[in-house]
Protein chains: 2
Amino acid sequence: MPELTERAQFLLKALTERYIRDGQPVGSRTLARDAGLTLSPATIRNAMADLEDLGLVSSPHTSSGRIPTVLGYRMFVDTLLSVQRLDDSVVERLRDTLNIKKDSQNLLQKASNLLSDATRLAGIVTLPRREHEALQRVEFLPLSDKKVLAILVISDKEVRNSILHTEREYSASELQQYSNFLNEQFGGKELSAVRALLVSELRETRENLNRMMATALDMADQVLGEAEQGSDYVLAGQTNLMEFQELCNVSTLRHLFEAFNEKSQILHLLDQCVENEGVQIFIGEESGYQMLDECSVVTAPYTVEGKVLGVLGVIGPTRMAYERVIPIVDATARILSAALNSRD
Amino acid sequence: MPELTERAQFLLKALTERYIRDGQPVGSRTLARDAGLTLSPATIRNAMADLEDLGLVSSPHTSSGRIPTVLGYRMFVDTLLSVQRLDDSVVERLRDTLNIKKDSQNLLQKASNLLSDATRLAGIVTLPRREHEALQRVEFLPLSDKKVLAILVISDKEVRNSILHTEREYSASELQQYSNFLNEQFGGKELSAVRALLVSELRETRENLNRMMATALDMADQVLGEAEQGSDYVLAGQTNLMEFQELCNVSTLRHLFEAFNEKSQILHLLDQCVENEGVQIFIGEESGYQMLDECSVVTAPYTVEGKVLGVLGVIGPTRMAYERVIPIVDATARILSAALNSRD
DNA sequence: GGTTAGCACTCGGGCGCGGGGAGTGCTAAA
DNA sequence: TTTAGCACTCCCCGCGCCCGAGTGCTAACC
């Protein structure tokens, strides 16, 4: 990263802020007025030429003002940005909305809506990863006609059930035996571990197991298979993106929306944010995905009991109000984490 | 509806088909060549002038070809359309995809995808209405720490559960008593009836009821409240709509997509289709919703055991290939109904 | 009478032109 | 080092232009 004189930094900051504000390339005259410095446009022009040489700004054509490059934005958010303190009322609102007691799916949807409302961008929240969930308990309930309801208690917040199709009818007490067996064997273990154990056990001892055991294992495996489905996310406020000039041509929008539907690419990007804690920002091409070339993504992981469960964030044009967006994403992540933790 | 000479009908049909094919206003010369009739452009012009007087076609400006009006489309789909017979392979594909055994949520999503894929438009499927579902059984399971898992068995296909927060801990046997009571009282009744009964019973006899009954009713009410959430739909292939010239300006798209997110208006429209059986079509303004002015909606209800559960369909530009779309929507509705019926 | 050829007319779209404006780089002076 | 001055560049916008496609009307034709 090249070193800049204080003035150059100041100008880059002013230019970027101005450009973010009204989306027009910023000229030397405007900047001179804007910056508050008592410098003539000519001086500014010299400084801008330097910034251009360093690759921090560029001009769309010969005689127009400058706009920040990706590198310019990078420096802006990394070292120049003065992050706004969040208005208490906003925090209050976030907290209020997320503190209602609801199932987590609903909570994430709410969070996504909040993000998109507060930033006027698209909000995104990944569903919690399931890998490290532990199996608390399994219960089986007989339904009519060779069907069994399996209930998988993962925590006091997460319960999943699935309907199994069996080859014969089972009595309640018989099913009770099975679940007892499974709970004894696997209760408290991580789902992935349970699955692995089940598979190996099925392979090793299938011949020797009596019919009951085999069925129990089959059932559990069937349920686990469903429980460990692929990751996903909830999205809100995509339409907000249609308000921005720079995204407003149909082909750009189409690629973006197709990526939203496709999910895999976006998920892959968000997955990278799981490791780093705190707010993380991808500017334009940095994401490595073409459809996001003119977008920035601001993310933060959310946690329960210290473990990162998922990622939330916003997607918007590179020209977004970072100083407002960053604290919102940050706060939402914290508050969502708190809500997930404290729920009784 | 005005009566038309055979020739006028033929010309309207040819014109509409042509316009649907390539989206350009159709001129007399083109139509003369296209129609297969050995008529000169001048003759066609006369006939077109008549059609215009009847409000069936219009020209965007003085010297351009004609395009069908909403009325023209209406006559086209009602009396002129030669619906294509569906290719068997397509039916096969529909049937294959919908016959996998999956929970209904998943099935509807699949159906929506199929619709959008097969028509290259946006597919939509409303979630089944819940009103007439009967409560088969309720079970309670103690979780740790003053929490109780309530399981609501609605049918062999639908099970919902929710976690209740109680004021004290309950033993398994105590909970068993509650569920027995509820099952005796309400088993087999419709959810709405159950709810009504509960409310009145709570009001009338609250004072006299012992604590157990009250808790049981509270619990059940809490669960039912969640179960009877508002209606909803699954959507697929919105991005397909971005391919059409006539929808391709950002503001039109925005209104459309906002309506998709909003859901209430679209749902209201779809609700109208529940009553009529078979395929139903709204062309342009006919829907009564502004954001659909340049769109048509083709719907068909799907049923289980003769009862209409929901509606599916597609949304696309008025200029859509009705003769292809209609049988696809029709077939999908039938096949989805069959799949929902036959699932074991 | 229905059909057709001919003709004048209309309108949208594409193209080139020219002027104005915003902004630049360079040079030379303060 | 900063600044004023100046020539230059390029976008944008409006204007006039022409071309082509298509129309309506009229008059002739079968």
Side-chain angles (χ1 to χ4, degrees), chain A residues 3-12 14-19 21-69 72 245-246 248-249, chain B residues 3-12 14-19 21-69 72 245-246 248-249:
Chain A
E3 304 219 349
L4 290 186
T5 65
E6 194 139 336
R7 172 189 289 168
Q9 290 191 20
F10 183 85
L11 285 177
L12 177 59
L15 183 144
T16 309
E17 280 168 353
R18 177 76 188 211
Y19 180 66
R21 227 190 58 200
D22 49 40
Q24 301 288 319
V26 185
S28 54
R29 176 190 251 71
T30 322
L31 198 54
R33 237 184 298 108
D34 214 51
L37 299 177
T38 48
L39 285 177
S40 76
T43 315
I44 308 260
R45 278 205 287 283
N46 288 327
M48 298 238 279
D50 295 345
L51 288 177
E52 186 154 13
D53 287 343
L54 292 171
L56 295 168
V57 301
S58 70
S59 50
H61 55 266
T62 335
S63 76
S64 81
R66 307 304 213 288
I67 62 176
T69 61
Q245 224 79 49
E246 56 262 58
C248 240
N249 71 74
Chain B
E3 303 220 348
L4 289 186
T5 66
E6 194 138 339
R7 175 190 287 170
Q9 291 192 19
F10 183 85
L11 284 177
L12 177 58
L15 183 143
T16 308
E17 280 168 352
R18 177 74 187 213
Y19 180 66
R21 228 190 57 200
D22 50 41
Q24 299 289 319
V26 185
S28 55
R29 176 191 250 71
T30 322
L31 198 53
R33 238 185 295 110
D34 213 48
L37 298 178
T38 48
L39 286 177
S40 77
T43 315
I44 308 260
R45 277 204 288 282
N46 288 328
M48 298 238 278
D50 294 346
L51 288 177
E52 185 154 14
D53 287 345
L54 293 170
L56 295 169
V57 301
S58 71
S59 49
H61 55 266
T62 334
S63 76
S64 81
R66 306 306 213 288
I67 61 177
T69 61
Q245 225 80 49
E246 57 263 57
C248 241
N249 71 74

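In what follows, chains carry the letters A, B, and so on, assigned in the order in which the sequence lines appear, proteins first and then strands, with residues in each chain numbered from 1.
Shortest non-hydrogen contact noted between L11(A) and L31(A) is CD2-CD2, 4.0 Å. Between S59(B) and G65(B) the shortest heavy-atom distance is CB-O, 3.3 Å.
Atom CD in Q24(A) sits about 12 Å away from atom C1' in dC12(D), given to the nearest Å. Here the P atom of nucleotide dG22(D) and the CG atom of L31(B) are 11 Å apart, to the nearest Å. Between the CZ atom of R29(B) and the C1' atom of dA5(C) there is a distance of 12 Å, rounded to whole Å. Atom CD of E52(A) and atom P of dG25(C) are 7 Å apart (whole Å). For the pair N46(A) CG and dG25(C) P, the computed distance is 8 Å after rounding to whole Å. I67(A) has its CD1 atom 14 Å from the P atom of dC11(D), to the nearest Å. Separating the CG atom of L39(A) from the P atom of dA4(D) is a distance of 11 Å, rounded to the nearest angstrom. Between M48(B) atom CE and dC25(D) atom C1' the separation is 16 Å, expressed in whole Å.
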With a 3.5 Å cut-off and sequence neighbours excluded, list the donor-acceptor pairs that the side chains of residues 35-57 of chain A form with protein atoms.
residue: S40(A); atom: OG; partner: A42(A); partner atom: N; Å: 3.4
residue: S40(A); atom: OG; partner: T43(A); partner atom: N; Å: 3.4
residue: S40(A); atom: OG; partner: T43(A); partner atom: OG1; Å: 3.1
residue: R45(A); atom: NH1; partner: S28(A); partner atom: OG; Å: 3.2
residue: E52(A); atom: OE1; partner: R66(A); partner atom: NE; Å: 2.7
residue: E52(A); atom: OE1; partner: R66(A); partner atom: NH2; Å: 2.8

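Scanning for side chain to side chain donor-acceptor pair (under 3.5 Å) contacts around Q24(B) gives an empty result, with sequence neighbours left out. In this view, D34(B) and R18(B) satisfy the side chain to side chain donor-acceptor pair (under 3.5 Å) rule, not counting sequence neighbours. Scored by the side chain to side chain donor-acceptor pair (under 3.5 Å) test, E246(B) finds R319(B) as partners (sequence neighbours excluded).
Remark: S28(B) is in phosphate contact with dT23(D), judged by side-chain N or O atoms under 4.0 Å from OP1 or OP2. Within the structure, every side-chain polar atom (N or O) of R7(B) is placed at least 4.0 Å from both OP1 and OP2 of dG2(C). Considering only side-chain N and O atoms, R66(A) lies under 4.0 angstrom from the phosphate OP1 or OP2 of dG25(C).
Between T30(A) and A42(A), the residue anchored nearer the 5' end of DNA chain C, judged by the nucleotide with its closest heavy atom, is T30(A). Position along DNA chain D of the nearest nucleotide to S64(B) versus T38(A) favours T38(A) as the more 5'-ward residue.
Within the nucleic acid shown, T5(B) has no heavy atom closer than 4.0 Å to any nucleic acid atom.
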TODO: Let me have a per-nucleotide readout for nucleotides 7-21 of chain C, 5' to 3', with B, S or -, counting only protein heavy atoms under 4.0 Å.
DONE: ---BBS---------
Enumerate the protein-to-nucleotides 15-18 of chain D contacts in which both atoms are nitrogen or oxygen and the separation is below 3.5 Å.
none

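Under a 3.5 Å cut-off, the side chain of T69(A) and the backbone N or O of G72(A) do form a donor-acceptor pair.
Once rounded to the nearest 0.5 Å, the distance linking OG1 of T30(B) with OH of Y19(B) reads 13.5 Å.
The shortest side-chain heavy-atom distance between V26(B) and I67(B) does not fall under the 4.5 Å cut-off.
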